[in-house]
Asker: 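This is the structure I want to talk about, given as structure tokens.
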Amino acid sequence: MSSPSTPHPAEGPRAARGRPPRLDQGRTARAALDLLDEAGLDALTMRRLADAVGVQAGALYRHFATKQDLLTVMAERMLEGCSAPPPEGDWSERLTVLAHRMRTALLAHRDGARVYAGTHSTGANTLGFAETLVGVLREAGFRDEDAARAVLAVVNFTVGHTLEEQAALQPGDSAAAGAGPAEAGPADPDRLRRAVAAQDFPHLTAALPVLTSTDFAAHFAFGLNLLVQGLRATERNGPAGAAEARP
């Protein structure tokens, strides 16, 4: 995917003499991310985006054949800066920095994880981030196939966790639509507390303080550490160790 071009400084919502502005992916992706932050993914339509950049809706389809194509370009833009090499240190520390960097990038935009999930960009930001991740593991001595699967596990965990985090923190639908006062969303902790209290779930009752906690940074750090510890076991049980373990 080519990198987004930069609009001419003279271009604005409308070019001189009433002509429609020249459309490019960079300006359109920025406008789409602005709309995303303002109203969320469900309200991001091609027509609304066309209005924001001052063109007819049909003009967008010359750059984005489908809305999924638009989301892919938006996802690519969200990862800008994530591929920079992490600070020197143990591979697990460097991997952790990269995972946190990705989570931060997705959290920087409303519904950022929903936009990213399912996209398969081949742009410089996405491939550069993957290259850095794989490089950290290969340089640490992991086999190519282990490094590749580890990257998939880390990225999938990060996207999935952030998706749930953003869903849990968003307001109820009626509040988002301006229909009335804010209502608790489906992930309201009190809803879970009431459901557990109404039935006999002693183990869930004991775990409720954590299950209802909104300290998502701690949740993420714990899950990421589990992945890292699993990778350490893979590191210890490389091809030679695995062969010795077999009967």
Side-chain angles (χ1 to χ4, degrees), residues 1 3-7 11-15 20-82 101-123 125-126 129 155-156 158-191 214 216-217 220:
M1 178 183 298
S3 59
S5 57
T6 303
E11 292 176 358
R14 285 284 176 183
R22 180 170 62 87
L23 196 64
D24 67 79
Q25 278 195 355
R27 187 168 68 89
T28 306
R30 287 194 297 272
L33 288 171
D34 287 343
L35 287 175
L36 180 74
D37 293 338
E38 175 187 325
L41 181 56
D42 293 334
L44 176 62
T45 65
M46 299 298 270
R47 182 175 298 279
R48 189 168 183 175
L49 177 58
D51 289 342
V53 295
V55 300
Q56 296 295 316
L60 291 178
Y61 291 99
R62 291 198 291 269
H63 289 276
F64 312 101
T66 65
K67 185 177 179 180
Q68 186 61 37
D69 289 341
L70 170 65
L71 297 182
T72 299
V73 173
M74 292 168 65
E76 162 70 9
R77 192 170 189 87
M78 284 192 292
L79 289 192
E80 187 173 2
C82 288
R101 192 181 289 175
M102 182 181 194
R103 173 175 173 262
T104 299
L106 298 181
L107 286 175
H109 295 282
R110 180 174 176 178
D111 292 333
R114 283 183 64 197
V115 170
Y116 188 90
T119 60
H120 301 282
S121 172
T122 54
N125 293 332
T126 304
F129 180 67
V155 169
N156 289 341
T158 302
V159 174
H161 181 279
T162 310
L163 194 155
E164 292 292 338
E165 177 176 355
Q166 291 184 313
L169 294 177
Q170 71 182 7
D173 292 338
S174 63
E183 295 181 2
D188 174 26
D190 285 336
R191 183 179 181 182
T214 56
F216 291 101
F220 182 75

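Note that the numbering runs from 1 along the sequence shown for the chain.
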Asker: Test of understanding: with side chain to side chain contact (heavy atoms under 4.5 Å, CB included), list the residues that count as partners of E164, not counting sequence neighbours.
Answerer: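 E164 satisfies side chain to side chain contact (heavy atoms under 4.5 Å, CB included) with no residue once adjacent residues are dropped.
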Asker: Show the nearest heavy-atom pair for residues A75 and V115, with the distance to one decimal.
Answerer: N-CG1, 4.2 Å
Asker: If I compare all heavy atoms of A32 with all of L70, which pair ends up nearest, and what's the gap?
Answerer: CB-CD1, 4.1 Å
Asker: How long is the straight-line distance from CG of D34 back to NE2 of H109, given to the nearest 0.5 Å?
Answerer: 8.5 Å
Asker: Quick one, E76 and T122 - any side-chain contact, counting heavy atoms below 4.5 Å?
Answerer: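 No, their side chains stay 4.5 Å or more apart.
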Asker: CG/D69 to OG1/T119 distance, rounded to the nearest 0.5 angstrom?
Answerer: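 Interatomic distance, D69 CG to T119 OG1, rounded to 0.5 Å: 11.0 Å.
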Asker: Can you name the residues that form a side chain to side chain donor-acceptor pair (under 3.5 Å) with N156, not counting sequence neighbours?
Answerer: none
Asker: Please tabulate, for the side chains in residues 45-52, all donor-acceptor contacts under 3.5 angstrom to protein atoms that are two or more places apart in sequence or on a different chain.
Answerer:
residue	atom	partner	partner atom	Å
T45	OG1	R48	N	3.0
R48	NH2	E38	OE2	3.3

Asker: Restricting to ring pair (Phe, Tyr, Trp, His ring centres under 6.0 Å), what partner residues turn up for H161, sequence neighbours left out?
Answerer: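 Once residues adjacent in sequence are excluded, the partners of H161 under the ring pair (Phe, Tyr, Trp, His ring centres under 6.0 Å) criterion are F157, F220.
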Asker: Using a 4.5 Å cut-off on heavy atoms from C-beta on, say whether the side chain of T126 contacts that of Y116.
Answerer: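 Of all side-chain heavy-atom pairs linking T126 with Y116, at least one is under 4.5 Å.
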Asker: Can you see which heavy atom on E165 is nearest to which on R103, and at what distance?
Answerer: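 Heavy atoms of E165 and R103 come nearest at OE2-NH2, 3.0 Å.
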Asker: Start with the C-alpha gap between L33 and R77, add the side-chain angles, then the distance that decides, and say whether side-chain contact (heavy atoms from CB on, under 4.5 Å) holds.
Answerer: CA-CA 9 Å; L33 288 171; R77 192 170 189 87; 3.8 Å; yes
Asker: Taking only residues two or more places apart in sequence, or in another chain, which ones meet D42 in a side chain to side chain contact (heavy atoms under 4.5 Å, CB included)?
Answerer: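 So D42 forms a side chain to side chain contact (heavy atoms under 4.5 Å, CB included) with R114.
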Asker: Is the shortest heavy-atom distance from the side chain of D111 to the side chain of Q170 under 4.5 Å?
Answerer: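 Yes, side chains in contact.
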Asker: Any chance you could measure M74, atom CE, to L41, atom CG, to the nearest 0.5 Å?
Answerer: 7.0 Å
Asker: If I compare all heavy atoms of V53 with all of L60, which pair ends up nearest, and what's the gap?
Answerer: CG2-CD2, 4.4 Å
Asker: Can you confirm whether L71 sits close enough to F64 that some side-chain heavy atom of one is under 4.5 Å from a side-chain heavy atom of the other?
Answerer: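 Side-chain contact under 4.5 Å: no.
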Asker: Please enumerate all residues that pass side chain to side chain contact (heavy atoms under 4.5 Å, CB included) together with A113, with sequence neighbours excluded.
Answerer: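 Once residues adjacent in sequence are excluded, the partners of A113 under the side chain to side chain contact (heavy atoms under 4.5 Å, CB included) criterion are L106, T162, L163, Q166.
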Asker: Would you call F216 and L169 a side-chain contact if the rule is heavy atoms closer than 4.5 Å?
Answerer: yes
